[in-house]
There are 2 protein chains.
Amino acid sequence: MKKKRVTLKDMASELGISISTVSRALKDHPDIDKGLTKKVKALAQKWSYIPNPLAMGLLRQQTRVIGVIVPDLVTYFFSSIISGIEDELQQAGYYIVISSSKESLEKEIECVHNLLNLRIDGLIVCLAQNSNQTDHFKKVLDHDVPLVFFDRVCLEKEVSTVVVDNVSMARDITTHFFENGARRIAHITGPKHLNIVEERAEGYLKGLKEVGLPFEKKYLVHTDLSPLSTEKAIQKLLQLPHRPDAILGVNDTVIFATMKAIKGTDLKIPHDILLAGFSDEFHATVVEPNLTSVAHPTHEIGRNAAKLILEQIEEEKAIQKKIVLNTALHIRASSVRMKKEGTWSLGFF
Amino acid sequence: MKKKRVTLKDMASELGISISTVSRALKDHPDIDKGLTKKVKALAQKWSYIPNPLAMGLLRQQTRVIGVIVPDLVTYFFSSIISGIEDELQQAGYYIVISSSKESLEKEIECVHNLLNLRIDGLIVCLAQNSNQTDHFKKVLDHDVPLVFFDRVCLEKEVSTVVVDNVSMARDITTHFFENGARRIAHITGPKHLNIVEERAEGYLKGLKEVGLPFEKKYLVHTDLSPLSTEKAIQKLLQLPHRPDAILGVNDTVIFATMKAIKGTDLKIPHDILLAGFSDEFHATVVEPNLTSVAHPTHEIGRNAAKLILEQIEEEKAIQKKIVLNTALHIRASSVRMKKEGTWSLGFF
DNA sequence: TTGAAAGCGCTAACAG
DNA sequence: CTGTTAGCGCTTTCAA
């Protein structure tokens with residue numbers, strides 16, 4: 001027998017008063033008799049009355065649910081961002097519904113529609129790897145549902161975003177390589193419709209220029225980020241007559257693969273080749289040697305995305321914003337030739 | 001200007017018919033004129049009408065939302081279970097709202113109440129480490145909300161659960177240690193109100209008995225799983241006059257800490273000491289040497305928990321069930337003394 | 001074959 | 001100070 005939830009009606013008939021009086025008493029309406037208010041509240045307490053969010057939602061046309069779409073749930077990068085989003089939103093009394101696009105455009109479109117049907121009050125998204133259309137997001141905007149992108153973004157003119165300064169970080173790593181003796185610096189880059197990929201490549205070029213190294217086409221290889229394609233890209237580099245003496249990966253994953261490939265050769269890291277990646281996955285400090293990487297402030301990315309959504313919900317006409325968060329370059333053994341092993345951080349800058 | 005969502009009313013007035021006729025046409029009610037039905041559907045298509053879930057929910061008293069409470073979001077174990085839950089539930093047209101208890105009882109209670117207030121249609125939970133009360137879950141049952149526990153469970157008489165056979169796995173590892181020459185097998189155990197902790201300890205004892213090794217109290221040390229307490233437990237073992245020559249950890253994390261501690265000594269793994277853990281975290285294959293561990297079928301745990309919830313929602317009086325999933329013992333270098341490095345699996349049994 | 005009306009739980013404008 | 005009423009979007013009797 002389902003224990004029916006207590007409603008205003010129940011309490012009204014118990015107390016022999018009208019529903020609206022109960023409703024008002026519960027929200028301390030000044031018109032209501034103090035004594036009555038007290039009595040109503042006591043009963044509500046006793047019966048542990050909870051307003052039905054469905055009824056409220058129907059009335060106000062809002063669900064207090066925020067949708068979140070991430071490329072996957074299982075990597076540390078995304079799960080810790082979600083954790084940040086959750087911290088911020090639950091404090092504000094919102095719930096989050098998480099969907100995974102599994103790095104696929106089709107899934108992403110499906111998720112957007114599902115969430116729109118659920119009547120979410122806002123949507124936070126990190127694009128899938130092969131997300132190269134924007135129609136589904138335009139639809140979100142059409143419905144006037146607040147939207148925020150983080151990390152991998154698009155429609156930057158219209159949508160608020162939370163990102164990091166990929167250009168500077170890629171440049172910094174490149175010059176760091178140079179300072180550690182590297183002269184043939186390579187970059188493994190990814191699908192170019194992704195803003196983060198483009199930016200990192202740009203930073204790489206900038207870094208080369210800064211230290212006076214010429215850009216050589218052969219040292220820039222592409223991967224679509226599939227394991228096979230990544231493997232090919234790595235081999236292309238390793239089999240070059242003049243092998244690179246440093247490799248900057250578009251993310252940590254390709255660098256882990258690179259390390260594995262290098263173990264099969266006579267090359268030593270960092271003696272013969274320097275390595276660094278992006279996003280500071282958890283493993284960065286467990287592989288041998290420890291991997292130099294750009295640490296994203298994941299928790300903060302999540303919190304900021306959540307704050308932007310909240311702003312847009314609350315303010316009638318919130319303007320588009322772009323938040324650029326600082327990253328930390330964690331320099332570890334994989335990229336340091338002069339120093340002994342050890343990890344230190346250049347701090348957040 | 002908010003683009004209002006299309007409602008039955010809108011379509012009714014457009015077509016000059018009543019709301020109820022539209023409603024019926026949309027669900028192919030046999031009474032409605034075929035031609036009219038077609039016209040209504042065409043308009044619905046054109047205007048991309050979506051039923052308002054809030055209205056439906058209010059009517060049927062259900063939200064199609066399932067709550068999920070996990071101790072944390074950022075470890076692979078939980079995020080991949082969530083991924084499994086999501087796969088199953090979204091297919092069935094349910095949404096999931098995820099909350100993190102952060103391993104704290106207080107947070108867990110808060111999450112339960114929040115979700116109950118949201119009027120979830122079901123709740124899937126893995127207990128927090130220090131969750132040693134059950135009142136909040138009794139409340140869930142009182143409200144007749146379907147409930148399923150996975151991995152760390154309680155109230156087993158009344159609630160359906162998805163678990164693995166911890167006893168056998170701990171026993172298998174213990175005998176495996178013995179077969180690899182260990183004679184002083186230690187176990188680092190955790191908070192004993194957790195079923196999984198108790199079961200693993202039980203399996204350890206069983207294994208000892210099976211190979212004819214006496215149980216020695218000094219080889220069983222406790223940790224509350226905080227880093228500090230874990231560190232103490234490890235030191236207690238390593239500083240024993242007769243140091244253990246094998247350690248079974250209650251999970252992988254304590255074993256990672258152990259490896260780190262051992263690196264500061266003259267001990268070699270696996271030459272002097274064998275190690276194995278539970279739950280096969282991602283890092284197990286990146287640490288040196290690779291860690292032997294019990295791999296939980298995380299995705300399957302998630303799917304099964306979701307299926308149980310679905311069953312309980314659909315069937316009026318579903319009975320309590322306990323699903324025991326098979327695990328795989330991944331034997332790797334950390335526990336093998338005779339063999340060369342390499343990973344193979346004993347398969348699922 | 002279709003429409004009118006009630007009701008899910010709640011709020012707010014409008015009356016007393 | 002309190003009650004009545006309408007309405008959020010939808011389904012479902014009951015009438016026509």
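As a basis for the values below, the full set of heavy atoms in this structure was taken, side chains included, without hydrogen atoms, waters or symmetry mates. Just so you know, these numbers come straight off a predicted model, no measurement behind them. Protein chains get the first letters and strands the later ones, always in sequence-line order, with residue 1 at the start of each.
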Sidechain N-carboxylate O distance under 4.0 Å for B:Asp87, A:Lys102: yes

Sugar-phosphate only, base, or nothing, as touched by A:Ile17 at under 4.0 Å among non-hydrogen atoms: sugar-phosphate

Nearest-nucleotide pick for B:Asp33, side chain only, options being C:dA4, C:dT1, C:dC10: C:dT1

Contact under 4.0 Å: B:Thr21 side-chain N or O vs C:dT2 OP1/OP2: no

Test item: B:Ser23 side-chain N/O and B:Ile19 main-chain N/O as donor-acceptor pair under 3.5 Å: no

Closest nucleotide among C:dT2, C:dC10, D:dC10 to the A:Leu8 side chain: C:dC10

Polar side-chain atom of A:Arg64 near backbone of A:Ala92 as donor-acceptor pair, under 3.5 Å: yes

Atom-pair distance (CG on B:Asn117; C1' on C:dC10), nearest Å: 16 Å

List, with names and distances, any nitrogen or oxygen atoms from the protein found under 3.5 Å away from nitrogen or oxygen atoms belonging to nucleotides 12-16 of chain C.
unit_1, atom_1, unit_2, atom_2, d
C:dA13, N6, A:Arg24, NH1, 3.4

Flag, side chain of A:Asp121 to backbone of A:Ile66, donor-acceptor distance under 3.5 Å: no

side-chain N/O B:Gln62 vs C:dC8 OP1/OP2, d < 4.0 Å: no

Which residue lies more 5' along DNA chain C, comparing B:Gly16 with B:Ala55 via nearest heavy atoms: B:Gly16

Salt bridge B:Asp28-B:Lys41, side-chain N to carboxylate O under 4.0 Å: yes

Polar side-chain atom of B:Glu88 near backbone of B:Gly302 as donor-acceptor pair, under 3.5 Å: no

Proximity to the side chain of B:Leu59 - top-ranked nucleotide from C:dT2, D:dT11, D:dT2: D:dT11

Euclidean distance, atom CD1 of residue A:Ile32 to atom P of C:dT11 [Å, nearest integer]: 13 Å

Sugar-phosphate, base or nothing in reach of B:Asn52, heavy atoms under 4.0 Å: sugar-phosphate

Sugar-phosphate only, base, or nothing, as touched by B:Asp31 at under 4.0 Å among non-hydrogen atoms: base

Nearest-angstrom distance from the residue atom CZ of A:Arg5 to P of C:dG9: 11 Å

Rounded interatomic separation in angstrom, taking NZ from B:Lys9 and P from C:dA4: 13 Å

Whole angstrom value for the distance that separates C1' of C:dT2 from CG of B:Leu36: 9 Å

Separation of atom CG in A:Asp10 from atom P in C:dG9, rounded to whole Å: 8 Å

Under 3.5 Å: donor-acceptor pair, side chain of A:Glu86, backbone of B:Ser100: yes

Spacing of A:Leu58 atom CG relative to D:dT11 atom C1', expressed in whole Å: 13 Å

Distance in angstrom units between B:Gln61 CD and C:dG7 P, rounded: 15 Å

